[in-house]
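Scroll down for the structure; my scribbles are underneath it.
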6 protein chains.
Amino acid sequence: MPHVQITMLQGRSTEQKRRAAKRITEVLQEELKVSPEKLTITFVEVPRDSYARSGALISDREPPT
Amino acid sequence: MPHVQITMLQGRSTEQKRRAAKRITEVLQEELKVSPEKLTITFVEVPRDSYARSGALISDREPPT
Amino acid sequence: MPHVQITMLQGRSTEQKRRAAKRITEVLQEELKVSPEKLTITFVEVPRDSYARSGALISDREPPT
Amino acid sequence: MPHVQITMLQGRSTEQKRRAAKRITEVLQEELKVSPEKLTITFVEVPRDSYARSGALISDREPPT
Amino acid sequence: MPHVQITMLQGRSTEQKRRAAKRITEVLQEELKVSPEKLTITFVEVPRDSYARSGALISDREPPT
Amino acid sequence: MPHVQITMLQGRSTEQKRRAAKRITEVLQEELKVSPEKLTITFVEVPRDSYARSGALISDREPPT
């Protein structure tokens, strides 16, 4: 029954999200006894100047990859 | 006083969001005794490869509409 | 396909949540063409000293009802 | 860098959350190339009358387990 | 250890987000005794027709600034 | 117009939340030109076994303070 919101930087590929969603669903099915068809996952993707750590935007902290 | 976050697929029109926001506000005013001016609603819209159900991305599961 | 998170003060009854959930589902089914069985709603309920408006906690602003 | 919010029904044990958190971290490290020490996960646990599907509260739909 | 999600209208500059992130981190460090390196902030920015107050979309209520 | 959700461990006092809410509102008023009466803040407080970093629950990582 969980809803999973994953907030992260933009830039991952569809294939990366496909594999992450598949495997997280397996983990929650096994560990939390969730029916897969009741589990939804959203990726909320934000640009590098909309994410901060230690008080600094990622766009100011790390070179683009 | 509630804040409502609606996470959904991209692609709804402004008119659809206008009507949904108006009616949800009416529902919460009537059922939860919320003052409308204190109620905020956000639509967080994600692409079809950022939403998964049953472990599969929507872009892999359903044809575009 | 939406997931709806309603963040609000504690204190509503089960009956209030029951009616709000039923009616919001109807609104989103009609306005956004969502299949009801794909729509999940969570109420995240916080105490009066965990919600602020205009820079002041609700517990400091308004008498309990 | 992701933050993961898992909204679910109350009632899972600490051991279930421990194992889920460990394995989700491994998945995101492998699939999204996230540094584990930058990944945070929160479980937001709500009672059975604060979660609805298909317009009905879980407390009205399913017997307690 | 907090994660802060700030949901707001699109249109702020990188400099505005930079300064807001820096100062919110200082506030939480001082008031909540949070280690800055454990504090993450995301800005979730939505268009003017995805934010409603008093039952009306911002795009219907206020002229663009 | 922002809504701010601060997800953090349980245990902060009302006075800590009071001061944090007041000062964050001042910051966003000054930096993002937000009207204070349009700004809402919620603290979503979770127990130590519902928050993980580096794949481990806080309750397994750090002694209670």
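Within every chain, numbering begins at 1; the chains are lettered A, B, ... in the order of the sequence lines, protein sequences first and strands thereafter.
Residues of residues 52-61 of chain F lying within less than 4.5 angstrom of chain D, judged on heavy atoms, are F/Ala52, F/Arg53, F/Ser54, F/Gly55, F/Leu57, F/Asp60 in numerical order. Scanning residues 4-19 of chain D against chain F with a 4.5 Å heavy-atom cutoff picks out D/Gln5, D/Thr14, D/Lys17, D/Arg18, ordered by number.
Contacts of D/Glu45 with chain F are made by side-chain atoms alone, with heavy-atom separations under 4.5 Å and no backbone atom involved.
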After noting the C-alpha distance and the side-chain angles of D/Phe43 and F/Val46, does the key distance pass the side chain to side chain contact (heavy atoms under 4.5 Å, CB included) rule? CA-CA 7 Å; D/Phe43 297 94; F/Val46 301; over 6 Å; no

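Note on D/Ile24, D/Ile41, D/Val44: by heavy-atom pairs under 4.5 Å with chain F, the leading option is D/Ile41.
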